[in-house]
Structure formats: structure tokens, C-alpha cells
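In what follows, a single structure is set out as C-alpha cells and then discussed.
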Amino acid sequence: MRTRFAPSPSGHLHVGGARTALFCWAYAKAHGGSFILRIEDTDQKRSSDTATRALLDDLAWLGIRWDEGPAHDGCGPGEHGPYFASQRLDLYHRYIDILLEQGKAYRAFEGPEQLEAARAAARAQKRVYRYDRAALKLDRATIQRYLDEDRPHVVRFKAPDEQPVNVHDEVYGEVTVRPEEIDDFVILKGDGYPTYHFAVVVDDELMGVTHVIRGQEHLYNTAKHVLLQDALGFRRPVYAHLSLIFNPDGSKMSKRDKDKALRNAVRERGLERSPAMPHSSNEAVMSEEHWRSWLSNKDHPLELESAERLALALDIDLPEIDVKDFRRAGYLPEVMVNYLALLGWSPGGDIEKFDQQFLIEHFDLDRVLKSPARFDRDKLLAFNLDALQAMSTEQFIARLRQHGERYHPEYGRELSDEQFAMFAAANHQRSKTLDDPFRSGRFFIMSDDQIVYEQSKAVHKALETGEPNGYAHLEAVMPLLKELSEWMVETLERLLKRYADERADGKLAKVAQPLRIAVTGTTVSPAIFETLAILGRDAVLNRIERCLSNRKLSSST
RNA sequence: GACCCCAUCGUCUAGUCAGGUCCAGGACAUCAGGUUUUCAUCCUGAAAACAGGGGUUCGAAUCCCCUUGGGGUCACCA
């Protein structure tokens with residue numbers, strides 16, 4: 001039993017691809033088989049090494065480990081390599097030649113523009129476009145002459161035009177494709193690379209793939225693959241197609257969504273040229289040339305890096321669709337796996353929280369749903385919160401440290417190990433993601449004079465109302481804090497609670513809020529005792545003093 | 001447009017294949033209370049669906065047909 005995941009390395013792994021990979025992996029593991037990763041880089045224009053590495057990293061992060069495939073992080077390689085389509089060109093050509101010799105395929109010399117024109121004409125006449133087989137009518141001498149002239153050409157498969165193709169799909173059941181719906185599709189491109197259809201059929205055969213599990217967008221292509229298998233005398237693997245994953249608005253979730261969001265923003269604002277980088281000189285996000293070529297061609301999305309810079313400059317949030325986005329946003333890989341598995345599959349009953357082990361014990365194709373599922377960010381977030389809370393504090397500290405090292409290294413520089421551990425622990429029960437503490441805790445790593453006091457109702461209320469008001473409380477606790485013998489959570493708690501009992505009718509909030517504002521600038525932070533303990537006595541006293549002098553400043557103006 | 005696929009609370013789904021135990025269960029979101037030093041948590045409770053119409057049957061969320069709605073595919077992309 002062998003399954004494979006065959007992505008094209010055109011960017012980061014997106015959630016749809018991740019789910020496909022997960023199901024392929026789970027199915028193989030559930031049935032004691034092997035899971036193969038094969039990089040289908042047959043599109044030279046869209047593939048890149050960086051993208052491949054990113055893809056491998058994403059998969060590894062999710063804990064989806066392949067038995068065979070590119071060597072990476074302890075996974076792969078295997079006996080059936082190479083696992084990059086681009087390194088298997090001679091293999092494809094061998095089979096192309098066989099088809100050519102047997103008259104099951106033929107060379108065609110039309111250029112892309114010519115074909116596009118023919119398609120447009122068909123569309124205008126509301127006809128269904130099919131390749132007209134003009135090249136098939138070329139006589140031998142002409143073909144030879146074209147070949148001698150080195151004319152660019154493709155190889156097309158001669159699709160039978162009598163028999164319908166029947167395919168059994170494990171999820172969708174019997175699928176019949178009528179012969180007139182399959183024209184003589186291209187199997188070898190002008191650049192000498194095979195198309196996906198051809199590569200996949202050859203590779204699946206040579207790698208002994210027995211079960212093909214992939215996205216529903218391939219359901220119809222299966223007929224082409226079956227035809228190719230028959231022509232080549234190959235086995236026919238078991239097929240299972242997975243329903244699509246939708247955005248919350250019901251549209252198909254696609255890796256193009258980020259590009260779409262950017263194009264929309266640019267159009268809405270009527271931007272003629274590239275905006276400047278934020279907080280920098282007048283340096284533009286993109287060169288004028290780059291900008292124009294991007295806008296002029298919808299089929300060429302911006303590379304991730306430029307896309308992210310542009311999003312920053314436009315101050316818009318790019319939709320999270322790549323595994324990488326969720327990683328950076330602080331979701332746990334095991335939560336992603338759990339949630340992804342629930343999209344289009346369910347173990348039945350009321351079970352919905354489970355780990356990879358459970359998945360490989362229970363996953364099967366007969367519980368895969370046909371209907372598409374929307375990706376529900378809220379539910380994912382809730383799962384993430386639950387998983388975070390279920391961890392021991394030690395685990396949480398370790399995970400947070402890992403995340404911080406990768407995405408917020410400044411915390412590691414500014415906080416001692418001990419401080420970081422306290423910072424993590426203080427945030428444990430109130431964080432929904434591993435990123436939350438870093439985003440809300442900037443004041444922990446700011447120098448005292450960088451604290452900016454927020455101008456808001458809540459701040460005003462805590463500081464300036466009541467009798468005595470917040471400032472007065474600050475002035476009163478300051479000497480107590482100064483004299484506190486040991487600066488730690490327990491002693492701070494005892495001190496402040498006693499203070500509240502004696503001076504604020506037992507209402508801790510009367511002191512806690514002014515203190516919180518004084519040390520953070522805002523009304524939100526982890527529990528006040530922890531916050532003060534992490535900051536340390538010097539910083540706390542400095543900040544209180546600064547807050548008090550700030551009052552004098554604002555009252556005199 | 002042609003061909004095909006899908007259809008249970010707002011969302012993910014259980015139940016559908018082997019019709020009765022389902023005036024439909026769980027989770028997320030929502031709403032109302034409560035706990036709390038802020039935020040977030042946490043606790044309790046509520047509201048919320050078988051798309052519509054026809055059959056078949058003693059009986060249908062479950063089987064059949066039609067309508068409606070949603071989606072996919074029609075590349076020298078995968």
C-alpha cells in the first residue's frame with residue numbers, strides 16, 4: 001500500500017494541500033503502507049528551490065513525515081527516486097517515445113497564441129473548444145521538415161473518441177467521462193517538460209503508488225490519467241478525491257487569495273504606482289517596472305516577500321491560507337493537524353479532539369465527506385486555546401520560547417531566562433496563540449522611557465477619578481514598594497492586597513489599575529503581581545515616577 | 001455556456017449506506033447570567049438546522065424524482 005503527495009513547489013504549503021498531504025499520510029499509516037512525497041516541479045516558471053524548501057519545512061512542522069521523497073530532516077530519500085519531476089526528464093521522454101512510435105501520441109506545432117485565438121473564437125461562437133487535430137493531418141515530410149528546422153512543438157496524446165471512460169472513485173463513486181469531453185491534451189510541453197498529467201501517471205507507476213488521494217479539482221483529470229495508463233500498459237491505482245476547502249465567505253480557498261486581496265486594495269485606492277515602505281525614506285516597495293508587470297498580468301502573483309512588504313505598506317492583513325501563516329500566528333502544529341483532519345472527515349460520534357496517533361488508528365476513506373467545508377478560523381482558535389491550556393506550564397514555556405526565538409528574537413535578548421519563564425507562565429492561561437504574549441507584551445522589553453501613556457477613557461478613569469484618585473494611590477504605594485524586602489509575586493500580592501484592604505475599601509482594582517497603567521501605558525496586561533515581578537523593582541519604580549511626572553506635565557498645560 | 005458534483009443549526013459535523021430508539025446529538029460562534037485586579041479565561045443557561053415540492057412506505061433527515069441554491073472542470077498550471 002503506497003500513497004503519495006505530489007505538490008508543485010510554487011510557494012508555501014497552503015491549507016488545502018496540507019490536508020491532502022495529511023490524508024495521504026494518515027491513510028498510508030493507518031494501513032501499514034508507505035507515504036511518498038514527490039515534488040512535481042514540471043512548471044519551470046512557477047517552481048523554485050526556495051519554495052521547495054519552504055514546502056518541506058511546512059510539512060515537517062506539521063509532523064507529516066514521508067517514508068520516501070526528498071531527503072529532509074530525517075525523512076526520505078528512498079528506492080524509487082529521484083523524487084523531483086525535473087530530475088526525471090529522461091524517464092518521461094522514454095515513455096513519450098513509446099507513445100509516439102505506437103501512434104498513440106503525435107507532435108503538434110501550433111504556438112500558444114494560436115491556440116488561445118482558437119479558444120477565443122470558439123468562446124465567441126459559444127462553441128465548446130476542442131483541439132482540431134490539425135497536426136495529425138500533417139504528412140510525414142512536413143513533420144520532418146519542421147523537426148529539421150527545430151520548430152518548437154508539443155506532444156499531444158491521441159485521445160480515443162469512441163469509448164467513455166469510467167473511473168471508480170472511493171469518495172465520489174462511479175465517474176463517467178464522455179469521449180467528446182477529452183480532447184487531445186498536451187503531454188509534453190514546448191520546453192521539453194512533461195505536463196502534470198503525464199508526469200503523474202509515469203511517476204505513480206514507477207513508484208508503485210497504489211492509492212491516489214488528491215483534491216477534487218483533479219476528479220475530471222483522472223479520465224486522462226486512466227487513458228494514459230491504458231495506453232502505456234500501466235496498473236490503475238485506487239482513486240479518492242477530496243472535497244474543496246472554502247473561505248468563510250464561501251469562495252474557494254486558494255493560494256491566489258493573498259494576491260487577490262492586494263490587487264483589490266490597490267484598485268480600491270486607485271494607486272498608480274508602488275507605495276513607499278512604511279517608516280522609511282521614500283523607498284518604494286517595488287520598482288516601477290516590477291509594479292507594472294505585476295498589475296498587468298493577473299496570472300502572475302507577487303512573490304511572497306514582495307506581497308508581505310506591500311501588505312505592510314498598504315496596512316492590510318493578508319488572509320491566512322498557508323501553513324506558514326498559521327505557524328507565525330502562533331497556532332500549534334498538532335492543533336492544525338487536528339483541525340485539518342476535521343475538514344471533510346470525522347471519526348464519527350462526538351469525538352473531535354484527537355492527536356496524530358488517533359488519526360492513524362482511525363482514518364479511513366469511507367468517512368470522507370463529499371461536500372466542501374468552510375475553514376472556520378474561530379474554531380481553530382478555540383482549539384488552539386484549549387490545547388495551550390491543557391499543557392503544563394513547563395511545556396508552555398518551552399513552546400513559547402521556541403516560537404519567540406523564531407519570530408520575536410528581541411524578547412530573548414531583552415529578558416533573562418528567568419524573566420522569560422515568568423513572562424511565559426504569566427501569559428499561559430490567557431493566551432489563545434503562541435504569538436499573543438509577544439504582541440501584547442511589548443512593554444516588558446521596552447526601556448522605561450519608551451512607555452507611552454494611552455489617552456483613553458479607561459486610563460483617565462483609573463488615574464483621575466475617585467477619592468483618592470489613581471495618582472494618589474500610586475504615590476502612596478510607591479514607598480511601600482521601595483521598601484518591600486523581597487520582590488516576588490507572593491510578597492507583591494500580600495503587600496498590594498493589604499494596601500487595598502487598608503486604603504481602598506478592599507478594592508484591589510483601585511490600586512491595580514493605576515499600577516498597570518503606570519508600568520504598561522495601557523489597561524491590559526497579565527495579572528498585576530506577575531507583571532510587576534517580571535519587570536523588576538527598578539523598572540516599576542521608574543515607571544511609576546514617570547507616570548506621576550506625566551500628570552504634572554498634563555495638568556500644567 | 002457545456003458537462004459533472006454537492007445539500008442537517010450562522011460554521012464544522014453526528015445520524016444517511018442496513019428507514020422507526022431523532023419533535024435531530026456534539027463542537028465553534030452568538031445571546032443572557034455569574035466568577036475575576038485589567039484583558040483573556042472559567043462556570044451556568046438559552047436560542048439555533050434536516051433547502052423547497054412531490055412520491056415510496058404503517059413510518060423518511062435517511063430511499064426515488066423534480067425545483068432551487070452552492071461548487072468543480074473545460075490550459076504548453078498543477
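Chain A is the first sequence line, chain B the second, and so forth, proteins listed ahead of strands; every chain is numbered from 1.
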Side-chain ion pair, A/Lys260 and A/Asp257, N-O less than 4.0 Å: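 Salt bridge flag = yes for A/Asp257 with A/Lys260.
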
Carboxylate-amine/guanidinium contact A/Asp376 A/Lys379, below 4.0 Å: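 No salt bridge links A/Asp376 with A/Lys379.
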
Short side-chain to backbone donor-acceptor contact, A/Arg107 and A/Ile143, under 3.5 Å: no

Ring centers of A/Phe326, A/Phe375 separated by less than 6.0 Å: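 Aromatic pair counts; centres sit under 6.0 Å.
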
Side-chain donor/acceptor of A/Arg430 to base of B/rC39, under 3.5 Å: yes

A/Gln513 or A/Thr42, whichever maps to the more 5' nucleotide of RNA chain B: A/Gln513

Watson-Crick/G-U partner (both atom distances under 3.5 Å) of [N]:
| N | answer |
| --- | --- |
| B/rG10 | B/rC28 |
| B/rA40 | none |
| B/rA60 | none |

Among A/Arg19, A/His218, A/Arg214, side-chain contact (heavy atoms from CB on, under 4.5 Å) partner for A/Leu242: A/Arg19

Between [X] and [Y], does any side-chain donor sit less than 3.5 Å from a side-chain acceptor?
| X | Y | answer |
| --- | --- | --- |
| A/Thr433 | A/Asp436 | yes |
| A/Tyr193 | A/Asp41 | no |
| A/Thr520 | A/Ser525 | no |

Taking only side-chain N and O atoms of [X], does any of them lie within less than 4.0 angstrom of OP1 or OP2 on [N]?
| X | N | answer |
| --- | --- | --- |
| A/Lys370 | B/rC5 | no |
| A/Ser440 | B/rC39 | no |
| A/Ser346 | B/rA14 | yes |
| A/Arg119 | B/rC76 | yes |

Positions of residues 174-190 of chain A (non-hydrogen atom under 4.0 Å from RNA chain B), listed by number: A/Arg178, A/Glu181, A/Val186, A/Lys189, A/Gly190

P spacing across the pair B/rG52 / B/rU8, given as an integer number of angstrom: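 Approximately 11 Å lies between the P atom of B/rG52 and that of B/rU8.
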
Protein proximity profile, nucleotides 26-36 of chain B - base contact B, sugar-phosphate-only contact S, no contact -, cut-off 4.0 Å on heavy atoms: BBSS-------

